[in-house]
Amino acid sequence: MSPNSTRLEGRTALVTGSTGGLGIAIAKRLAAEGAVVVVSGRDDARGAAVVADIRAGGGDAVFVVADLGAGQREVHRVARAATDAAGGRLDIVVNNAATLLMPTPTADIPMQTLRDAFEVNVFAPFLLVGAIAPEMAERGDGAIVNIGSITGLRGAAGSAIYNGTKAVIHSFTKSWADEFGPRGVRVNAVAPGPIATDRQAEFADHVQPVLDRLPSRRMSTPAEVAAAVAFLASDDAANIHGAVLSVDGGWSAV
Ligand SMILES: NC(=O)c1ccc[n+]([C@@H]2O[C@H](COP(=O)([O-])OP(=O)(O)OC[C@H]3O[C@@H](n4cnc5c(N)ncnc54)[C@H](OP(=O)(O)O)[C@@H]3O)[C@@H](O)[C@H]2O)c1
């Protein structure tokens, strides 16, 4: 399926955390397939740049500023603002924004770090889905794609918090599939392995030994992960509910 396919034409999509990293690739891919994309993140300037880039490529996008670490009132404001910006209806939500954490011994992690990670990685997707999925269910149509991680399927010393938040996302995905699927809303997740983003360079020392063991021997590109998101968001995945699709160069298999 080429990125220039039109399988998402007529759809609207919110992509959280689409001012950087993987989120930009997802926003661009959904727009390239015809969706009107609500780009979102904390940084106005980076948001405006992503919107300009999508429009320059012939797509349609708007920006909604969002601080998903700021609690329930802000997340509910973002849900309303994104729905309005999309013209009153969101067909697709991609829960991508997350706080990435350096591996740190458990005893050295301040309580605030624990709270902040769960606020952005767990509470915000929970509140967004709670705000948006019922409207999708009322219309009988919608697709939610949560960005989990291979780390949510595995343990790693010093990574209990980040890995734990991603394990929760995988679990939410299955429960929401059961809750909303019968009313036409498909909920799935993508579980990437290491992705070649700017941030990933910070984790190079931890990642290289992993890459050396992967069947693919390399990271995924953001575009490769975005392609899986677009698939799950599209009617090509019409009978896929509650899946956690690994895009990890084979890490979960070996
Ligand atoms: N990179 C990897 O190797 C990898 C591997 C597996 C899974 N993942 C998952 O992929 C997703 C994207 O990761 P990434 O590597 O692209 O991360 P990233 O480069 O750090 O980008 C994170 C995005 O989330 C936004 N964000 C962060 N905190 C936010 C907040 N409080 N409120 C609103 N937006 C916020 C950031 O935008 P602003 O700064 O503008 O707010 C940015 O757009 C995450 O769910 C991550 O867990 C990544």
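Just so you know, ligand 1 is whichever comes first in the structure, and atom 1 is the first atom listed for that ligand.
Among residues two or more places apart in sequence or in another chain, the salt bridge (Lys or Arg N to Asp or Glu O under 4.0 Å) test is passed with R218 by E224.
A donor-acceptor distance shorter than 3.5 angstrom exists from the side chain of T12 to the backbone of D91, with no hydrogens or angles considered. Without hydrogens or angle criteria, R89 side chain to E135 main chain gives no donor-acceptor distance under 3.5 Å.
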Give every pair made of an N or O atom of ligand 1 and a protein N or O atom lying under 3.5 Å apart, one pair per line with both atom names and the distance to 0.1 Å, or write 'none'.
{"unit_1": "ligand 1", "atom_1": "3 (O)", "unit_2": "I195", "atom_2": "N", "d": "2.8"}
{"unit_1": "ligand 1", "atom_1": "3 (O)", "unit_2": "Q200", "atom_2": "NE2", "d": "2.4"}
{"unit_1": "ligand 1", "atom_1": "16 (O)", "unit_2": "L22", "atom_2": "N", "d": "2.7"}
{"unit_1": "ligand 1", "atom_1": "20 (O)", "unit_2": "R199", "atom_2": "NH1", "d": "3.1"}
{"unit_1": "ligand 1", "atom_1": "28 (N)", "unit_2": "R42", "atom_2": "NH2", "d": "3.3"}
{"unit_1": "ligand 1", "atom_1": "31 (N)", "unit_2": "D67", "atom_2": "OD1", "d": "3.2"}
{"unit_1": "ligand 1", "atom_1": "31 (N)", "unit_2": "G69", "atom_2": "N", "d": "3.4"}
{"unit_1": "ligand 1", "atom_1": "32 (N)", "unit_2": "L68", "atom_2": "N", "d": "2.8"}
{"unit_1": "ligand 1", "atom_1": "37 (O)", "unit_2": "T19", "atom_2": "OG1", "d": "2.8"}
{"unit_1": "ligand 1", "atom_1": "39 (O)", "unit_2": "R42", "atom_2": "NH2", "d": "3.2"}
{"unit_1": "ligand 1", "atom_1": "39 (O)", "unit_2": "R46", "atom_2": "NH2", "d": "3.1"}
{"unit_1": "ligand 1", "atom_1": "40 (O)", "unit_2": "T19", "atom_2": "OG1", "d": "2.6"}
{"unit_1": "ligand 1", "atom_1": "40 (O)", "unit_2": "R42", "atom_2": "N", "d": "3.1"}
{"unit_1": "ligand 1", "atom_1": "40 (O)", "unit_2": "D43", "atom_2": "N", "d": "3.2"}
{"unit_1": "ligand 1", "atom_1": "40 (O)", "unit_2": "R46", "atom_2": "NH2", "d": "3.4"}
{"unit_1": "ligand 1", "atom_1": "41 (O)", "unit_2": "R42", "atom_2": "N", "d": "2.9"}
{"unit_1": "ligand 1", "atom_1": "41 (O)", "unit_2": "R42", "atom_2": "NE", "d": "2.6"}
{"unit_1": "ligand 1", "atom_1": "41 (O)", "unit_2": "R42", "atom_2": "NH2", "d": "3.4"}
{"unit_1": "ligand 1", "atom_1": "43 (O)", "unit_2": "G17", "atom_2": "O", "d": "2.9"}
{"unit_1": "ligand 1", "atom_1": "43 (O)", "unit_2": "T19", "atom_2": "N", "d": "3.3"}
{"unit_1": "ligand 1", "atom_1": "43 (O)", "unit_2": "T19", "atom_2": "OG1", "d": "2.9"}
{"unit_1": "ligand 1", "atom_1": "43 (O)", "unit_2": "G20", "atom_2": "N", "d": "3.0"}
{"unit_1": "ligand 1", "atom_1": "45 (O)", "unit_2": "N96", "atom_2": "O", "d": "2.7"}
{"unit_1": "ligand 1", "atom_1": "45 (O)", "unit_2": "K166", "atom_2": "NZ", "d": "2.8"}
{"unit_1": "ligand 1", "atom_1": "47 (O)", "unit_2": "Y162", "atom_2": "OH", "d": "2.5"}
{"unit_1": "ligand 1", "atom_1": "47 (O)", "unit_2": "K166", "atom_2": "NZ", "d": "2.9"}

Listing, residues 101-118 side-chain donor-acceptor contacts under 3.5 Å, not counting sequence neighbours, or none:
{"unit_1": "T104", "atom_1": "OG1", "unit_2": "M102", "atom_2": "O", "d": "2.8"}
{"unit_1": "Q112", "atom_1": "NE2", "unit_2": "D116", "atom_2": "OD1", "d": "3.0"}

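By the 6.0 Å contact criterion, CG on D84 is enclosed, its count of non-hydrogen atoms from other residues, nucleotides or ligands being greater than 12.
Residue pairs meeting the salt bridge (charged side-chain N to carboxylate O under 4.0 Å, His left out) criterion with at least one member in residues 47-76, sequence neighbours excluded: K28-D53, E74-R77.
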